[in-house]
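Worksheet: the structure to be examined is printed underneath.
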2 protein chains.
Amino acid sequence: MPRRATIIEVAREAGVSKTSVSRYFSGERDKLSPALCERIAAAALRLDYRPNQMARGLKGGRSRLIGMLVADIRNPFSVAVMHGVERACRERGLALLVCNTDNDPELERTHLGLMAAYQVEGLIINASGSPDAELQALTDQGMPLVLLDRELGTVQADLVGLDNARAIDLALDHLAEQGYGELLYLSEPPERASPRRKRLTRFQEGLAARRLAGEAYTMSGSDEEMQRAIEAFLTRSAHKGSGDVPRALLCANGAVTLAATRAMQRLGARLGKTGLMGIDELDWCALIDPGITTLAQPTEAIGQQAVASLLAKPNSQADAKARQHRFEPKLIARGSTRLTG
Amino acid sequence: MPRRATIIEVAREAGVSKTSVSRYFSGERDKLSPALCERIAAAALRLDYRPNQMARGLKGGRSRLIGMLVADIRNPFSVAVMHGVERACRERGLALLVCNTDNDPELERTHLGLMAAYQVEGLIINASGSPDAELQALTDQGMPLVLLDRELGTVQADLVGLDNARAIDLALDHLAEQGYGELLYLSEPPERASPRRKRLTRFQEGLAARRLAGEAYTMSGSDEEMQRAIEAFLTRSAHKGSGDVPRALLCANGAVTLAATRAMQRLGARLGKTGLMGIDELDWCALIDPGITTLAQPTEAIGQQAVASLLAKPNSQADAKARQHRFEPKLIARGSTRLTG
DNA sequence: TCGATGAATGGGAACGTTCCCATCATAGGT
DNA sequence: ACCTATGATGGGAACGTTCCCATTCATCGA
């Protein structure tokens, strides 16, 4: 079983020093004479040589590895962003080490340690818990950090994600415009994840200005529970003073949209007559009968920006302030928010 | 900015040799006296020491890294399997390096080289092209290899995936049982991916025994093209000798199911009256009106088995024959294959 | 009592790179 | 012609770990 060739063997084969070979493969070819380059290239090809990244990482700390911590890898949004991250890494010659925490803070801590052990050059984090201490320790050691989607209490790091306020505003405007007057906002428990909090409060703040009535429901438990909440919202008598105003559901993310759609079907509610709208565009939103209106996140752009932010070293210390990159959602209007009345 | 502590510093802090510290962290604690263990543990804790995986990987080749090459990371099936792989790795203290090839054979070759450069200890491959030569080179160097879902011409390696024959048989039985007599099999181009070929031929072989009429359509181009094919299938006159037999569509995988569902909606065909069934269970299959019947793959199990196979060293040379682990799909019957007529 | 056995520990070389520094031409300014 | 800058090249130490071997010391059978 042939072992992989080393830099020394290439050097011998080419009749040059290992330093020159190292230079050749570290992108310093311009420092070498064309003749040397050619001989090295030939020798490397003959021996099928590839630099050993482990050894590289050991010496200069240049592991060329980026770590990405994903809270839930089965969430299509996360995967879409990951696709962008992966692409951006590839363009820069970086490899991506992905860890999934399954929303388990304990696992998150473990994986954070793991990535550090692999000397990743940067970390993109879609947090599940609040590993503030661990992250602070890492940044203190000079590890570049970017937060994805979710902010984290005390950690001073760039953040890339959706412009949540804008998203809620767009949603409220659209729903109001379409004639819905009473809204039910559906969300997963907001305590942990900052975007959920942000969206929820913006929802509540945004009602008055648009003369909308609304309330929020946090789905803590089962689908059935949420179904009951929706039923209560839909069947109870109208708010005082208003006639029977059309009602609509606003879903905080893709998972909620899925659950809400399921509930609506079980209740036999007609989409459109009862409005339904969600943040996150999914494969099937166009397929459910009149189509479900969504706010699509520019996932690819978010992923690319995450890597860009990671690699943009702040040039001055004063410049090291945490930046935020907020992306605009795109409204995809469909039948679920059309009162065909 | 404090640098990460090294093994030498821990050794000094604990007043022992670096060898002992190394032993402590390499799971050879039983070779050390309890007193030593205790001192090392304390020192490591004080300095917040973590072994540097790069250095580890360099010395003994023990990178503790598993590489996974995914043809299309946005395919929910791939992600679900990846979830299983990731979990299995975690349980064994392995980290996972994931690369997405976006179905680009060129990129696949690049990434294969990348993973080799990181000294991964094993490779799980969901191939997009046919990197036979590269893979053969790797196996020759003793790299454990497992093929996921897709076979690869000449490469001698274990394979983990669905029992495709069984899946098609189940589908045909179900459709026949439900009263459908003429079938249209929809698939993406089969030349590249072995499961597509296998499913297609099994479909064709299986028709006669069940007295079914059937044909296959390969969607090479646009959605519209496929829509026309479906329309032609649904509207043309019945086969000679038979009356007007109920017709059904069978989709080779999740992506096809999505496209077919879209087409059916555009054609205004009622699901159930026209049968629809697909391989791969997806979030939304229960949501489309009468529900779409699917064959669910045990993705988690497949992922776990992939890692298990990878790590199971063949004990004898004769034992090194390529093994196949074929998993049973599970039928999830819904309205789309119910003739409510 | 003595060498053999074995367990606990430590010293040092290797792993494959990068990078600092030294060397050696060659050219340019005086 | 000499001294210095400049550019190409090579030698060797480091990076943090593992692993082979050596050492020490106690135990044990004869």
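Excluded from the calculations below are hydrogen atoms, water molecules and symmetry mates; all remaining heavy atoms, backbone and side chain alike, are included. Protein chains get the first letters and strands the later ones, always in sequence-line order, with residue 1 at the start of each.
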Chain B footprint on DNA chain C, 5' to 3' - any atom under 4.0 Å from a heavy atom:
C:dA8 to C:dG16
Hey, is B:Arg326 close enough to B:Glu151 for a salt bridge, meaning N to O under 4.0 Å?
yes
Have a look at B:Thr19 and say if it touches a base, only the backbone sugar-phosphate, or nothing, with a 4.0 Å heavy-atom cut-off.
base
Under 4.0 angstrom, heavy atoms only, what part of the nucleic acid is B:Tyr49 near: base, sugar-phosphate, or nothing?
sugar-phosphate
Pairwise 5' ranking along DNA chain C for B:Leu58 and B:Gly15, keeping only the more 5' one:
B:Gly15
Less than 3.5 Å apart, any donor N or O on the side chain of A:Arg64 or A:Gln53 sitting next to an acceptor on the other?
no
Checking the side chain of B:Arg92 only, and the main-chain atoms of B:Ala88 only, is there a donor and an acceptor separated by less than 3.5 Å?
yes
Are any side-chain N or O atoms of A:Arg74 and backbone N or O atoms of A:Val79, one a donor and one an acceptor, separated by less than 3.5 Å?
no
By the 4.0 Å heavy-atom rule, please label A:Arg23 as base, sugar-phosphate, or nothing.
base
With a sphere of 6.0 Å drawn around CD of A:Gln324, does it hold more than 12 non-hydrogen atoms of other residues, nucleotides or ligands?
yes
Are the side chain of B:Asp158 and the backbone N or O of B:Val146 linked by a donor-acceptor pair below 3.5 Å?
no
Quick check on D:dG10: is either OP1 or OP2 less than 4.0 Å from any side-chain nitrogen or oxygen of A:Ser20?
yes
Contact residues, residues 32-40 of chain A to DNA chain D [heavy atom, < 4.0 Å]
A:Leu32, A:Ser33, A:Leu36
For A:Asp102, does its backbone N or O pair with a side-chain atom of A:Asn100 as donor and acceptor, under 3.5 Å?
yes
Are there over 12 heavy-atom neighbours, none belonging to B:Arg87, within less than 6.0 Å of that residue's CZ?
no
